Amino acid sequence: HNHVDFATTEMVRDAIANAHIHTHVPNYQDLAAYRAAGGYTALEELRRTCNWEAVQDAVLASGLRGLGGAGFPSGRKWSFVREHPGPRYLAVNGDEGEPGTFKDRYYLEREPHLFLEGMLIAGAAIEAKRCYIYMRDEYPAVLQILAREIEALESEGLISQGFIELRRGAGAYICGEESAMIESIEGKRGIPRHRPPYVAEVGLFGQPTLVHNVETLHWVARICREGPEILSSVERNGRTGLRSYSVSGRVTNPGVHLLPAGSTIKDVITAAGGMKEGHIFKAYQPGGASSGLLPATLDEVPLDFDTLQAHGSFIGSAAVVVLSDQDSIRAAALNMLRFFEDESCGQCTPCRVGCEKAVKLMQADQWDQPLLEDLAKVMQDASICGLGQAAVNPFMHVMRYFPDEI
Ligand code: NAI
Ligand code: SF4
């Protein structure tokens, strides 16, 4: 399409090489090792048969849902994008900025080619003209790995030169919102667009665009190689599939823990080696700062898509932060609101001014609860994007679940 390339992969490679010469790049599965283990055969078969519907059927049968946090059925997106005439683009959201989330980094630093193959499969399914990877700059090792491995794919002839374009994010949380990310890739200030139209119809450079999260594409490659059963056969508490919980806070073994999607907070804490010595479980953030803070008493709920609505929350990107009796929940909530105040793009008043007001109200010894509830209603109803709409969750949860603290 007619557009200016603001930073080509070549430029990104140079910048990465110069800016991060001291970066520690961990051992990971490179292209040769990945191919030796059967990697890229699924992509080659799709390219040979062009039977993208078969791949879509497998993805749908697996039950895979968008793992950036929204849980939109992954395979269905492909049909939405294909409904519109090309050229079409694929844009990968690697701007993993949700506080507590680090699962994409975990997979990219170990098995980058599962992600790259998944991306090329999804790209082939929508006949993408080009794939853009928008990767957060706070992951220098990942940027080095991707730059290196994209070059390897080019030199092995698996992709044409420039088919994958690697872009560096610049540290703005809002650029993880898909339409703000697209603005940023286009070289503009990263602010969310109104939806509809969805990016599936009007996305990058005004063209139909498929946006996927990194981990979603990791699973696309695994489903193609190992079959949809790797997800569909896992059942727990009436839920199906697997979740990569990014676990941090007062647990013995923080890290990414891959568990059944129906796991409860008790299961997650157990997988993380239990509570840290001397700490008693008090509260948890189930899925990023925007999901707020739930009390330890809610320990029977499966931490999956659609299961937390009744409690005013959601699983999002499954970023679990465990808090203990030694933590102040109101202080944690205030910290979250300060984050949203900083990261609001400022485009709409309910969010820009609302976050600032909420921070001030939350600093008072005694919270003005009716005023905070009023403010929350305005922010939820009138903010343009999810940041402003969900920013109210932390203080709403303190009022609902931890009234003693305020
Ligand atoms: P959304 O539900 O509005 O959209 C999800 C996806 O489905 C988008 O790609 C959207 O374009 C597509 N979609 C939805 N309805 C559609 C339709 N009718 N036609 C075509 N496409 C459609 O959710 P959103 O705002 O994109 O994401 C919210 C989630 O992001 C939250 O759950 C939050 O947890 C998560 N999040 C994750 C972060 C991370 O670092 N992983 C950072 C910030 C938020
Ligand atoms: Fe920007 Fe906040 Fe409005 Fe979203 S809700 S567009 S982040 S000001």
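One-based numbering, in listed order, for ligands and for the atoms of each. In this chain, numbering begins with 1 at the start of the sequence shown. None of these values were measured; they are calculated from a predicted model. Reckoned from all heavy atoms, side chains included, excluding hydrogens, waters and symmetry mates.
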Which of the atoms in ligand 2, numbered in the order shown and given with their element, are less than 4.0 Å from a heavy-atom of G388? 5 (S)

Distance, nearest 0.5 Å, that separates CD1 of I223 from CD of E229: 10.0 Å

So, does N213 use its side chain to make a donor-acceptor pair with the main chain of E215 at under 3.5 Å? yes

Heavy atoms only: give me the nearest F314-L308 pair and the separation to one decimal. C-CD1, 3.6 Å

Are F80 and Y198 an aromatic pair, judged by ring center distance below 6.0 Å? no

Main-chain N/O of T307 paired to D304 side chain as donor or acceptor, under 3.5 Å: no

Hey, does L204 have a side-chain heavy atom less than 4.5 Å from the side chain of V211? no

Ligand 1 versus K77: contacting region, heavy-atom distance under 4.0 Å: side chain

Among all the protein's non-hydrogen atoms, which is closest to atom 5 (C) of ligand 1, and how far away is it? A70 CB, 3.4 Å

For ligand 1, which atoms sit closer than 4.0 Å to a heavy atom of G69? 29 (C), 32 (O), 35 (C)

Show me which atoms of ligand 2 lie under 4.0 Å from any heavy atom of C345. 1 (Fe), 6 (S), 7 (S), 8 (S)

Considering all heavy atoms of both residues, which atom of Y173 and which atom of D95 are nearest to each other, and what is their separation? O-OD2, 4.2 Å

Give a yes/no on ligand 1: does E177 have at least one heavy atom closer than 4.0 angstrom to it? no

For the CD atom on E277, are there more than 12 heavy atoms of other groups (residues, nucleotides or ligands in this structure) within a distance under 6.0 Å? no

Among protein heavy atoms, which lies nearest atom 18 (N) of ligand 1, and at what distance? Y198 CE1, 3.5 Å

For atom 7 (O) of ligand 1, find the nearest protein heavy atom and state the residue, atom name and distance (0.1 Å precision). F72 CG, 3.4 Å

Taking every non-hydrogen atom, the tightest pair across I174 and G190: CG2-O, 3.4 Å

Just to confirm my output: which protein heavy-atom neighbour is closest to atom 33 (C) of ligand 1, and how far is it? F314 CE1, 4.3 Å

Using non-hydrogen atoms of the residue, decide whether G97 is closer than 4.0 angstrom to ligand 1. yes

In ligand 2, which numbered atoms sit nearer than 4.0 Å to a non-hydrogen atom of S383? 5 (S)

Mind listing the closest non-hydrogen atom pair of I145 and E109 along with its distance? CD1-CA, 4.0 Å

Got the closest protein heavy atom to atom 1 (P) of ligand 1, with its distance? R195 NH2, 3.7 Å

So which protein heavy atom does atom 44 (C) of ligand 1 come closest to, and at what separation? E98 OE1, 3.3 Å

If only side-chain N and O atoms count, and only distance matters, is there a donor-acceptor pair under 3.5 Å linking T209 with Q207? no

So for I384 against ligand 2, with non-hydrogen atoms under 4.0 Å, the contacting part is both

Classify the angle between the aromatic ring planes of Y107 and H218 as parallel (below 30°), tilted (30 to 60°) or perpendicular (above 60°). tilted

Which ligand 1 atoms does G316 reach within 4.0 Å, using its non-hydrogen atoms? 32 (O), 34 (O)

With heavy-atom distances below 4.0 Å as the criterion, list the atoms of ligand 1 near Y173. 42 (C), 43 (C)

Return the residue, atom name and 0.1 Å-rounded distance of the protein heavy atom closest to atom 4 (Fe) of ligand 2. C385 SG, 2.4 Å

Output the list of atoms in ligand 2 that are nearer than 4.0 Å to some heavy atom of S344, sorted by atom number. 2 (Fe), 8 (S)

At less than 2.8 Å, would any N/O/S atom of C348, backbone or side chain, sit next to atom 1 (Fe) of ligand 2? no

Does an N or O anywhere in E96 fall below 3.5 Å from an N or O of ligand 1? no

Starting from atom 11 (O) of ligand 1, what is the nearest protein heavy atom, named by residue and atom, and what distance separates them? E178 OE2, 2.5 Å

Hey, does the Lys NZ or Arg CZ of R136 hover above the aromatic six-ring of Y139, less than 6.0 Å from the centre and inside 45° of the axis? yes

H113 and Y40: ring-ring contact (aromatic ring centres under 6.0 Å, His included), yes or no, with the steps? CA-CA 9 Å; H113 283 284; Y40 289 105; 5.7 Å; yes

Check whether any N, O or S atom of C351, backbone or side chain, sits closer than 2.8 Å to atom 3 (Fe) of ligand 2. no

Does any N/O atom on G68 come nearer than 3.5 Å to any N/O atom on ligand 1? yes

How far is atom 6 (S) of ligand 2 from the closest protein heavy atom, and which atom is that? Q347 NE2, 3.4 Å

